[in-house]
Every structure is written in structure tokens, then in C-alpha cells.
There are 2 protein chains.
Amino acid sequence: MPAIRSRREQYSEATRAAILDAATRRFATSGFAATGLEDVAADIQATRGAVYHHFASKKALFEAVLEEQEVIGFRWIERARAAASDPWQGAMAAMEAFLDQCLDPVYSRIVWQEGPIALGWQAWQESEKKYAYAHIAEILAELVGAGLLSPLPEETATHVCFTMLGSAGMALAQADPADQPRLRAEYGDVFRRMLAGLRATG
Amino acid sequence: MPAIRSRREQYSEATRAAILDAATRRFATSGFAATGLEDVAADIQATRGAVYHHFASKKALFEAVLEEQEVIGFRWIERARAAASDPWQGAMAAMEAFLDQCLDPVYSRIVWQEGPIALGWQAWQESEKKYAYAHIAEILAELVGAGLLSPLPEETATHVCFTMLGSAGMALAQADPADQPRLRAEYGDVFRRMLAGLRATG
DNA sequence: TCGGTTACATACGCTGTGTATGTGGCTACC
DNA sequence: GGTAGCCACATACACAGCGTATGTAACCGA
């Protein structure tokens, strides 16, 4: 990769980033269906031509937006987990960090609400497997490996945890801010009790 | 309501039912977005005019289709639960019946895949509250009342169970038929263990 | 049998996606 | 340092699908 880029390349890169940024805001506030590429283009004083130059389709644009959010979320959660002292604490920290992440309305709406709508349930799930899914599987495997959980059907358990966390995040994100602390505590409580069930010998 | 209906009313009722039926098949096989009202109309040798006469919009048509599936599913599950001898068996039977229901590709696709896409996540969830949601809440309350589960935050626990079951159903529905028995057993296993966690005193 | 209503068909406008073509400014080569 | 080519983007257009306004024929009540 060239460390120095031509003026034109820099401009191009900047517009691409601007499109991505505007699209993120639009998708997060108005949703995928209600957002026209015209709107996105207008937000950055450009035309739909520019958008179609950088992205093959509306769906492709959304995928790029989604990918970005996934990466941000992944890093945030992983950092929280890495800071913990032992696997169990790490898993709990990751859970907390995930719930935090979902309180960001952009993240929760793009990833959990609009994702399945824009890409279709199946494609969205495929995309999730690269991030959240793989992440959870790793954490569970570590817990099982450390003897903290009794053996589990990996794929199924991962899927269940994935969904539980996701829906909790969604519910939190959409709740009245005044209720969020209580809800968050409740979800934490239910999760902990359920995980405790997984601790007993299967 | 008049027990006897005029010829015209009977015809009208029949076309409405035919539209509903055709739409159900189309939505279930091609999805909401890829289904045009033209297709639906053509399936029953009619025009889009007929569709718009009976349903206010494409969305309204889908809502009617969804409602029908919900009612069918609800009845099926409730019957299984009612046949059980005690609350715990009833809850387990309801869970099994739900998984059965999800193996029907029409039900699972309409309710769980296309629902959120067609109505938007929020409206879909509202609609679910009338059926699955209320149903689960009732079952959980019964279990708590019978002392089989320790007290729970009702709304939160309902939401978690709702999502767990739904995603399990979806995963089952989309799995290779050869894997379905194994997966189903695994989900049952994980659920039972997690519910066991809820049994301990919170 | 005749006027009104109802069930549907026909025709059209609008919105939004995608695509084909045009253009001006940057870059690279001589 | 002039020019040829390319690249980033704009403009224009084709096309699909939803919704709506209007037409029409069958039916029903008087």
C-alpha cells in the first residue's frame, strides 16, 4: 500500500467516508427502507451517482455500514474482556460491555434492527457469524475449558446465548431511559441464573 | 351477523379467502419484498384491483396473513398444553408444540422471518405481544404460582424466553432436515438446563 | 324494471432503484 | 509544460412496484 496518496485518491477516500457516515446516520434514524440514496447523497452535497460509484447497490452500502458497526462493537467488547482477571470475570465483562454497546442507538438499530430487514434474516445471520457469533463461541469454549461450565452442544448453546443477548440489547435500546438501569439489572439477573443452570453437570 | 348471506357476499368472501391463501403461499416462498401484488392477483385469476378492494395496502394484506398464522399456531400450542397433567408438563408440552409448529415452513417464515421485515421490528413485536408473548407470560406465571420457579421479573423473563424459543424455532426451520432431530434435542437440553437455573432461589 | 350499491377491472401518477452516458479536473508521460 | 487518458462524479433515462382515481358490470331491493 502506498503511504502517500495522490490528491485525487484522498478526495475519493474522503467522499467514500462521508457517504458511509451519512448513510449510517440515515439508516440509524429513518431505517433502511425509508432512506433513499437521494437523501444520503444530498446530505453530503453530492448526487446518487457518487454513491453508486463507491457502492454497487443500496444493500452493499448498508453492508459496509453494518460491517463498520460490527467492528467497532467487537473491539469495544474484546477490550473489556481482555481487561478482566479470569475467564468468568471476562465473560461477565463482555456481557456488560455488550449491553453498553446496545445503549448506543446507532449500533443497536443498525446491527439488530435494520440488519435483518436490509439483508434478509439469513444473510444477516451469516454476517453475524463472523463477529458476535464467533466471539460468543470462543468465550463459551473458554468457560467450558476452564471447567466453569459443563460441556455443551457448542453451536446450539452459542446460538441461544447470541439471541438472548441480542434481544436483551434490543429491549434495552428501545426502553425508556428511566427504565434502562432496572431492565439492565433484571436481564443480568436472569442471565446469571440461566448460566448457573449450565454450570450443573448436564 | 346474518346466518344466511347473499350470493354476492359469498363470492366476495371466497375471493378474499383466495387472496389470503395465495398471499400466504407467495410470502412464504418468495418473501414479502419479492412478492408483488400482481403475482398474488394473478394466482387467483384476478387483478390488483381486487386485492386493493379487500385490503388497504400490501402491509395490511401481510398483517392479515400473519394474524392467521398466529391464530393457527396459538391454537395448536394451547391444545398441547391443555392435554398435559400438570403445569410443568404443560409448559414442556407447549415448548415441544412450538418447535413442531416452527417446522412448518410457512409458519416459521411468515411469523419469524418475514414478520419483522414486512411490519418493521417494532410493529412486529407489538403484534407478537398479543399471541406468543401473552402466552409465555401466562405459562411462566403459572409455573411461578405453582412454586416450580422462583419469582422472576415477569416482563424480562418473558422476553428472554420468547426470544430463545423463537430463535430456536428459526434455526430448526432452516436446518438441514437430517439435522433437525439432533438440533431439536440439543435445544431442548439447553432450555431445560437453563430453566433449571431459574428454579433455584434467586 | 329500474336505481343504487358493491365487487372488481383499467389506467395512471409517483417514488425509488439501478444503469448508461456525459464531463471536468487531476495525473502521468513525453 | 503541454496533452492524452483516466477517474470521480453528475446527468438522464429505463423500469418496477405501490397506491389511487375512475370506469363498469353484476347483483339486490323496491
Side-chain angles (χ1 to χ4, degrees), chain A residues 1-23 25-27 29-66 114 117-120 123, chain B residues 1-23 25-27 29-66 114 117-120 123:
Chain A
M1 63 182 88
I4 190 157
R5 310 167 85 84
S6 76
R7 163 120 98 265
R8 205 161 59 173
E9 280 170 324
Q10 291 178 36
Y11 284 163
S12 181
E13 187 65 24
T15 36
R16 198 195 127 95
I19 292 170
L20 213 58
D21 199 54
R25 275 198 307 274
R26 285 278 181 179
F27 287 149
T29 54
S30 310
F32 179 76
T35 299
L37 294 185
E38 191 72 46
D39 307 326
V40 174
D43 282 352
I44 60 161
Q45 278 77 251
T47 68
R48 279 172 42 242
V51 177
Y52 274 100
H53 178 73
H54 287 283
F55 302 93
S57 66
K58 187 183 179 184
K59 207 164 151 180
L61 172 58
F62 182 86
E63 276 172 341
V65 167
L66 178 71
E114 300 300 324
I117 293 177
L119 306 184
Chain B
M1 64 181 84
I4 190 154
R5 309 165 85 83
S6 77
R7 163 119 98 265
R8 205 159 58 171
E9 279 170 326
Q10 290 178 36
Y11 284 162
S12 181
E13 187 65 24
T15 39
R16 197 196 127 97
I19 292 170
L20 213 58
D21 199 54
R25 275 197 307 276
R26 286 278 181 179
F27 286 148
T29 55
S30 310
F32 179 76
T35 298
L37 295 185
E38 190 73 46
D39 307 326
V40 174
D43 283 351
I44 60 162
Q45 280 75 252
T47 66
R48 281 174 39 245
V51 178
Y52 274 100
H53 177 73
H54 287 284
F55 302 93
S57 67
K58 188 183 179 184
K59 208 163 151 183
L61 172 59
F62 182 86
E63 276 171 342
V65 168
L66 178 72
E114 300 301 324
I117 294 177
L119 307 184

task = May I ask you to decide if the ring planes of B:Phe27 and B:Phe32 are parallel, tilted or perpendicular, using 30° and 60° as cut-offs?
result =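 If you compare the ring of B:Phe27 with that of B:Phe32, the planes turn out tilted.
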
Minimum heavy-atom separation for [X] to [Y], with atom names?
X: B:Thr15; Y: B:Ser12; answer: OG1-O, 2.7 Å
X: B:Thr35; Y: B:Lys58; answer: O-NZ, 3.0 Å
X: A:Phe55; Y: A:Ala64; answer: CE2-CB, 3.7 Å
X: A:Val51; Y: A:Ala41; answer: CG2-CB, 4.1 Å
X: A:Val40; Y: A:Ile19; answer: CG1-O, 4.0 Å

ask   = Under a criterion of less than 4.0 angstrom to any heavy atom of chain B, what are the 5'-terminal and 3'-terminal contacting nucleotides of DNA chain D?
value =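 Nucleotide range with atoms under 4.0 Å of chain B: D:dC18 to D:dC28.
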
ask   = Looking at DNA chain C, which of residues 43-57 of chain B put a heavy atom within less than 4.0 Å of it?
value = B:Ala46, B:Thr47, B:Gly49, B:Ala50, B:His53, B:His54

Intermediate values then yes/no, side chain to side chain contact (heavy atoms under 4.5 Å, CB included), A:Glu114 and A:Ile117 = CA-CA 5 Å; A:Glu114 300 300 324; A:Ile117 293 177; 4.2 Å; yes

key: Upstream residue (5' side of DNA chain C) when B:Arg16 and A:Leu37 are each assigned their closest nucleotide   =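 The 5'-side residue here is B:Arg16.
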
request  = Would you kindly give the CD-to-P distance between A:Glu38 and C:dT17, to the nearest whole Å?
outcome  =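 Spelled out: CD on A:Glu38 to P on C:dT17 is 9 Å.
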
note = When B:Ala34 and B:Tyr11 are each assigned the nearest nucleotide of DNA chain D, the 5'-most assignment goes to B:Ala34

query = Is any side-chain N of the basic residue among B:Asp43 and B:Arg26 closer than 4.0 Å to the acidic one's carboxylate O?
reply =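 Salt bridge between B:Asp43 and B:Arg26, a charged N being under 4.0 Å from a carboxylate O: yes.
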
